[in-house]
Every structure is written in C-alpha cells, then in structure tokens.
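Input: a single structure, listed below in structure tokens.
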Amino acid sequence: MTKLHRQSLVAYGQPLRETIVDCPTPHGSEVLVRVERCGVCHSDLHVQDGYFALGGDKRLDITKDRVLPFTLGHEIAGVIESAGEAAAGAIIGRRVAIYPWIGCGTCPACRSGEENMCSAHHHLGIAADGGFANYVLIPHSRYLLDYAPLSPAFAGPLMCSGLTAYSALKRLASRAERGPVLLVGLGGVGMMGLALARALFKEPPLVADIDAEKRRAAVAAGAAQAFDPTDPQSRKAVFTATGGVLAVCDFVGSEKSLQFSTGVLARGGKVVVTGLLGGNFSIAAAMIAIKAMTIEGTLTGTLAEAHELIALARSGKISPIRTHDRPLNEAQAALDDLRAGRVVGRTVLFV
Ligand SMILES: [Zn+2]
Ligand SMILES: [Zn+2]
C-alpha cells in the first residue's frame with residue numbers, strides 16, 4: 001500500500017514532524033492528488049501557533065475542530081493520481097492547482113458561492129489535511145484548476161497569496177482608475193499584489209515596506225515608488241507624490257500598518273485589509289466621516305475568482321513572483337525563515 005508522508009503538526013507551538021500513514025483511497029467524487037509543489041504561507045504560522053494575536057494579551061484560539069497530527073499547506077499544485085467513480089473530469093495524470101477554500105456546501109455563504117467565507121469549512125491545511133505531504137485528498141473535482149503553461153511553483157501560491165491579492169485588488173478597481181494604488185507590506189501576498197496590480201491597473205502601484213531589500217525588489221519588479229513607513233516623513237512624502245491615495249491594500253494588518261494605510265488616504269479613499277499580523281488599531285472616530293473613508297477586510301477569495309485569476313495568469317499577463325524551492329522535509333526550517341522575515345518572495349516545498 002502506498003504510504004502518505006506528511007510534515008505534521010503534532011502539538012501546537014512545536015516543530016513539525018514527519019508522520020507516515022496509509023495513503024487514502026478516493027471514493028465517490030473524491031480525487032487523490034500527488035503533490036508537486038506546496039507554498040509556505042504566513043497563515044501556516046498562525047495554525048502552528050494555534051492562535052491569532054489580537055493585541056495586548058488577547059488571543060483568538062484556533063485550535064478547535066482540528067485533529068492532531070494535522071497537515072498544513074494550502075498552496076498546492078500536483079498531478080491527479082486516482083479518483084473515485086463519480087469524480088467527473090478527474091483524468092489520471094492531469095496537472096492541477098487546488099482551490100483550498102472548500103466549504104460545507106450548504107450554509108448561506110457556500111450557497112452564494114463564497115466557500116472561503118463558510119463557517120463550517122473544510123479549508124485545506126486549515127481544517128482539513130493539506131499539502132505538506134506527498135498526496136492530498138480532495139472531496140470534489142470542481143476544486144481542481146488546470147494551470148498549464150504555468151509552473152507548479154507559481155500555480156500553487158496563486159490559490160492563496162495570489163487569490164487573496166486578486167480579491168483585494170478587485171475591491172479597489174474603481175478607485176484605481178483615478179490614481180495609483182498603494183500596496184503596504186511586501187511579503188508573499190504583497191509581491192503577488194504588485195504583479196497583479198501591474199496586470200490589472202493602468203498606473204504602476206506605489207509600495208511601502210519597512211525592509212529596504214523588499215522595497216528594492218518591488219521597484220525592480222515595476223513599482224512606481226517605494227516608501228519606508230517607519231520614516232516619520234513618509235506620510236508627507238506620499239501626500240507630496242499623490243495628494244493622498246484613494247486605494248490602499250494593507251497586506252500586513254497591524255496597528256502600525258493600519259495607521260500608515262489610513263493616514264495616507266485622500267478623501268473618499270479605501271483600505272482593503274488582507275493581513276493578519278495582529279495588534280489593536282484605533283482611529284479618531286470623526287475621521288471616518290470627515291475623510292469619507294472605507295476600511296474593508298477580505299479573506300482569500302471565491303472559487304469563481306480563482307478561475308478568473310488562473311485564466312489571467314495563463315494568458316501570460318502576470319509576471320511570476322520570485323520563488324525558492326525547498327524539499328518537503330525542510331518545511332519547519334522554511335516556516336522558521338518566514339517567521340524571522342528572512343524570505344523575499346515565496347518558498348515552495350517540493351516532494
Ligand atoms: Zn496562505
Ligand atoms: Zn458553508
């Protein structure tokens with residue numbers, strides 16, 4: 001019997017460890033995918049910790065509804081290995097990216113096509129075993145997307161960091177017609193956001209990050225101008241360059257990033273927040289009305305948006321982000337490097 005080799009979460013806050021079990025056999029609509037690449041994402045760190053920092057001593061516990069050992073990883077591209085008798089279109093050998101934000105299928109969010117917002121979800125690598133493994137079991141072939149001629153190292157991360165950035169930028173589209181978008185935070189999602197903003201909007205985006213190397217990488221990748229938000233003059237510099245920004249995407253989601261993101265808004269401006277770094281953010285209440293400001297959160301994206309995004313990428317309109325391949329058994333080292341901020345671009349595990 002084929003064995004399933006996984007880099008597993010065996011205890012919260014502890015390093016991943018290899019676990020080996022029998023490989024599942026797909027039944028009915030299920031599909032077994034052999035993993036070729038799986039991206040390493042910031043949210044993997046939160047799952048490993050078992051909580052989100054909410055600011056002060058407050059934590060949002062996210063340990064419930066997950067059975068240990070558990071397999072992280074949700075940015076998966078692979079090859080169909082086998083399929084249940086009712087798995088339509090699941091041709092053996094087909095190379096696919098996996099939409100990981102799988103819902104219950106019956107709640108109001110799922111019924112309106114927003115499985116990413118499902119309250120009883122089976123999101124891969126979050127609530128159901130994910131892709132830090134040689135195989136992953138998918139409940140239905142509708143979550144499999146063709147990605148050729150892209151590389152699997154690009155296609156996998158498109159399903160999380162790409163989709164998150166795409167869904168966020170769509171929410172800024174009308175304002176992006178009136179001026180440049182500002183992207184705050186240039187980690188994996190932010191760099192994907194840069195590539196997408198260049199494909200979707202007529203003006204190249206502005207960027208901000210505390211790390212000079214990341215700012216340089218962004219300018220080299222086509223950003224119009226880069227700002228250091230820790231520089232006390234940076235807010236003024238953004239106003240000098242733009243007169244205030246109408247559209248900001250905050251890929252960090254911390255007190256400081258949100259202060260910067262809301263502080264550079266023009267009247268009528270909007271901040272879309274995808275980041276989950278944590279902390280508390282406060283704002284002078286009157287400024288919301290005085291600036292006619294919108295702050296909107298977004299969480300990954302829908303299956304329909306995943307199809308739109310992968311079509312855009314397959315048409316060659318998105319320049320691939322920088323990726324680094326590492327073997328699956330270095331998953332913990334990859335997480336450690338990500339936590340320490342030592343990664344530019346995306347780390348992608350291979351089996
Ligand atoms: Zn992710
Ligand atoms: Zn649901």
Side-chain angles (χ1 to χ4, degrees), residues 116 158 160-210 214-215 217-219 221-229 231 234-277 281 283-284 287-302 305 308-309 312-313 317-319 321:
N116 55 312
L158 278 179
C160 175
S161 55
L163 186 57
T164 298
Y166 179 74
S167 183
L169 291 177
K170 269 183 77 173
R171 289 164 158 79
L172 296 168
S174 62
R175 286 174 175 82
E177 286 171 15
R178 296 162 54 196
V181 170
L182 171 65
L183 311 175
V184 177
L186 298 167
V189 187
M191 287 304 281
M192 194 71 97
L194 171 58
L196 284 168
R198 295 203 61 218
L200 294 169
F201 303 143
K202 62 177 193 285
E203 287 191 51
L206 311 171
V207 295
D209 196 281
I210 57 174
K214 289 180 178 152
R215 291 197 299 273
V219 170
Q225 205 175 337
F227 300 91
D228 175 3
D231 178 346
S234 62
R235 187 172 163 270
K236 213 166 144 196
V238 174
F239 269 97
T240 306
T242 62
V245 183
L246 278 168
V248 181
C249 199
D250 189 326
F251 296 109
V252 183
S254 72
E255 176 186 3
K256 285 191 172 142
S257 74
L258 274 161
Q259 269 166 4
F260 182 74
S261 297
T262 53
V264 298
L265 284 183
R267 187 164 281 167
K270 178 174 176 177
V271 180
V272 174
V273 186
T274 75
L276 299 162
L277 193 65
F281 162 67
I283 189 166
M287 290 308 284
I288 298 171
I290 289 168
K291 279 212 157 182
M293 176 190 299
T294 306
I295 303 176
E296 183 174 331
T298 176
L299 184 67
T300 68
T302 64
E305 286 171 333
E308 290 168 19
L309 171 62
L312 188 69
K317 292 207 178 77
I318 310 171
S319 8
I321 53 156

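Scope of the values below: all heavy atoms of this structure, side chains included, with no hydrogens, waters or symmetry mates. This chain uses plain numbering: 1 for the first residue, then up along the sequence.
Of all non-hydrogen atoms in Thr242 and Pro180, the two that sit nearest each other are CG2-CG, 4.4 Å. Closest approach of Leu299 and Asn116 over heavy atoms only: O-ND2, 2.9 Å. Residues Pro204 and Gly222 share a closest heavy-atom pair of CB-O, 3.5 Å. Heavy-atom minimum distance, Met192 versus Gly162: CG-CA, 3.3 Å. Counting all heavy atoms, side chain and backbone alike, Ser234 lies closest to Asp228 at CB-O, 3.1 Å. Val273 and Gly253 make their closest contact through CG1-CA, 4.1 Å (heavy atoms, listed as atom of the first residue, atom of the second, distance).
Here the rule is side chain to side chain contact (heavy atoms under 4.5 Å, CB included) with Val184, and of Phe227, Phe260, Phe251 only Phe260 fits it. Put simply, the residue from Val219, Ile321, Leu183 that forms a side chain to side chain contact (heavy atoms under 4.5 Å, CB included) with Leu194 is Leu183.
Interatomic distance, CD1 of Ile295 versus CD1 of Ile283, reported as 5.0 Å (0.5 Å rounding). To the nearest 0.5 Å, atom CG of residue Leu169 and atom OG1 of residue Thr298 are 10.0 Å apart. Between atom CD of residue Glu296 and atom CZ of residue Arg171 there is a gap of 5.0 Å, rounded to the nearest 0.5 Å. To the nearest 0.5 Å, atoms NZ (Lys256) and CZ (Phe281) are separated by 14.0 Å. Here the CZ-CD1 distance, from Arg267 to Ile290, works out to 8.0 Å after rounding to the nearest 0.5 Å.
Sparse packing is recorded around CD1 of Ile210, with 12 or fewer heavy atoms of other residues, nucleotides or ligands lying under 6.0 Å away.
Side-chain atoms of Asp209 come within 3.5 Å of backbone atoms of Leu186 as a donor-acceptor pair (strictly under, hydrogens ignored). In terms of modelled atom types and a separation under 3.5 Å, the side chain of Arg235 and the main chain of Gly263 share a donor-acceptor contact. The backbone N or O of Leu163 sits nowhere less than 3.5 Å from a side-chain atom of Ser167 that would complete a donor-acceptor pair. Asp250 places no side-chain N or O within donor-acceptor distance of the main-chain N or O of Gly275, the cut-off being under 3.5 Å. Judged by distance alone, the side chain of Arg175 and the main-chain N or O of Gly268 form a donor-acceptor pair under 3.5 Å. Proximity of a side-chain donor or acceptor of Arg198 to a complementary backbone N or O of Ile318 within less than 3.5 Å is not detected. Distance alone, capped at 3.5 Å, places no donor-acceptor pair between the Arg178 side chain and the Ser174 backbone. Side-chain atoms of Lys291 come within 3.5 Å of backbone N or O of Leu265 as a donor-acceptor pair.
Using a 4.5 Å heavy-atom threshold, the side chains of Cys249 and Leu172 count as touching.
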